[in-house]
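Right, one structure below, let's go through it.
Convention: sequence-line order gives letters A, B, ...; per-chain numbering from 1.
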Number of protein chains: 2
Amino acid sequence: MTNNFHMGTNYLLKVITGKWKVSIICALGLKDYRYLELLKYENDVNHTKISKKVLTEQLNQLEEDGIVTKKSYGTIPPKVVYSLTPIGQELSKHLINLNFLGENLAQVNQANISFDINAQQVKNLHKEEQDKN
Amino acid sequence: MTNNFHMGTNYLLKVITGKWKVSIICALGLKDYRYLELLKYENDVNHTKISKKVLTEQLNQLEEDGIVTKKSYGTIPPKVVYSLTPIGQELSKHLINLNFLGENLAQVNQANISFDINAQQVKNLHKEEQDKN
DNA sequence: CCGAATCCTAAGCGATACTG
DNA sequence: CAGTATCGCTTAGGATTCGG
């Protein structure tokens, strides 16, 4: 065992670090998605809002890193379908395996396992409330 | 299977996201470390420099998240020893399991798997060169 | 020897508006 | 439908200095 026995792990972590990437990979592990369909799914399952800009960013990075592929049908209106590469499929299985350990840890830590909303989003919620009045 | 089958994974990822955390966990998986000893180890194995502030931050977060524990001997000069919790031990095994997949992915992507140095560090290297002249 | 305090920069994320 | 472009806020990480 060399000194660098964790470098592969580190690289992998870098590839999947990003607020929505795990969620995206796990979603695509079950079925392929079109762009807006995926956007809607992410919003629903995580009970918060992901912007199109960020979804595009994360998908592009995952594509660049060999986790997802996209197929564009040259139609109008456009149709683009995202799916996992073989290695992306394998990764999604590993991620789901980690879920049990993560839930276990969250329970020990008495942590809230749902998605966080940040300060800016709280401000916006406040603003929405005020705009109603 | 609920819609939230990846939330535990996401929580776990959040806990281990941080430039040095994987490296720290894997190191402590092999043996316990004192503070400066760990600092030196991280610098050596990653061929770059980790500041004491950041090491302290990451250790504190890992402690708060139930991955590491520290034991202070009340001596002068101080002696503090860091080690993994049981769940931290389990985590380190999972991380090492991911190493193969990560190396595999890096090879497919023809990516350089070593630690990156960032723009600021490049600037500092330049500065050092210039200061010699 | 083991940190805490301060200051700084770069990157990530989000809201919103616009386009082929 | 599937994205870009622009802007602003927040956070992570690093350099450096000080303290018990």
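Counting to the nearest Å, the P atom of C:dA15 and the CG atom of A:Leu39 are 11 Å from each other. In this structure, CG of A:Asn60 is placed 14 Å from P of D:dA2, rounded to the nearest angstrom. Atom-to-atom, CD of B:Glu63 to C1' of C:dG3 comes out at 13 Å; the value is rounded to the nearest Å. Rounded to whole angstrom, the span from the CD atom of A:Glu57 across to the P atom of D:dT6 amounts to 14 Å. Separating the CD1 atom of B:Ile50 from the C1' atom of D:dA12 is a distance of 13 Å, rounded to the nearest angstrom. Residue B:Lys14 contributes atom NZ, which lies 11 Å from atom P of D:dT11 at whole-angstrom precision. The CG atom of A:Leu13 sits 17 Å away from the C1' atom of C:dG12 (whole-angstrom rounding). As a whole-Å value, the separation of A:Ile24 CD1 from C:dC13 P is 10 Å.
Judged by closest nucleotide on DNA chain D, A:Thr56 is the one of A:Thr56 and B:Gln58 placed further toward the 5' end.
With hydrogens and angles left out, the side-chain atoms of B:Tyr11 and A:Asn109 include a donor and acceptor closer than 3.5 Å.
A:Gln61 comes within contact range of no nucleotide atom at all, as no heavy-atom separation falls under 4.0 Å.
Under the side chain to side chain contact (heavy atoms under 4.5 Å, CB included) criterion, B:Lys52 pairs with B:Tyr35, B:Leu36, B:Leu39, not counting sequence neighbours. Contacts of B:Lys40 classified as side chain to side chain donor-acceptor pair (under 3.5 Å), with partners at least two apart in sequence or in another chain: B:Asp44. Residues satisfying the side chain to side chain donor-acceptor pair (under 3.5 Å) criterion with B:Glu57, sequence neighbours excluded, are B:Lys53. Residues meeting the ring pair (Phe, Tyr, Trp, His ring centres under 6.0 Å) test with B:Tyr33, sequence neighbours left out: B:Tyr41. B:Asp32 is linked by a side chain to side chain donor-acceptor pair (under 3.5 Å) to nothing, counting only residues two or more places apart in sequence or in another chain. Listed by chain and residue number, B:Asn99, B:Ile113 satisfy the side chain to side chain contact (heavy atoms under 4.5 Å, CB included) test with B:Glu103 (two or more places apart in sequence, or in another chain).
Contacts with DNA chain C (heavy atom under 4.0 Å) in residues 69-81 of chain B: B:Lys70, B:Pro77, B:Pro78, B:Val80, listed by number.
Proximity note for A:Lys52 (side chain, C-beta onward) versus C:dG14, C:dC1, D:dA2: the nearest is D:dA2.
Distances shown here put a side-chain N or O of B:Tyr82 below 4.0 Å from the OP1 or OP2 atom of C:dG3. Contact annotation: A:Lys19 reaches the phosphate of C:dG14 (side-chain N/O to OP1 or OP2, under 4.0 Å). In this structure, A:Arg34 reaches the D:dA2 phosphate: one of its side-chain N or O atoms is under 4.0 Å from OP1 or OP2. Checking the phosphate oxygens (OP1, OP2) of C:dC2, no side-chain nitrogen or oxygen of B:Lys53 falls inside 4.0 Å.
Of the possible donor and acceptor atoms, none in the side chain of B:Ser23 sits under 3.5 Å from a partner among the backbone N and O of B:Trp20. Under a 3.5 Å cut-off, the side chain of A:Glu37 and the backbone N or O of A:Arg34 do form a donor-acceptor pair.
Consecutive Watson-Crick or G-U pairing (both distances under 3.5 Å) extending over three or more pairs maps onto DNA chain D as C:1-20 with D:1-20.
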Taking only distance into account, with no hydrogens and no angle test, what donor-acceptor pairs under 3.5 Å do side-chain atoms of residues 59-79 of chain A form with protein atoms, sequence neighbours excluded?
{"unit_1": "A:Asn60", "atom_1": "ND2", "unit_2": "A:Thr56", "atom_2": "O", "d": "3.3"}
{"unit_1": "A:Gln61", "atom_1": "OE1", "unit_2": "A:Lys21", "atom_2": "NZ", "d": "2.7"}
{"unit_1": "A:Thr75", "atom_1": "OG1", "unit_2": "A:Pro77", "atom_2": "O", "d": "3.0"}

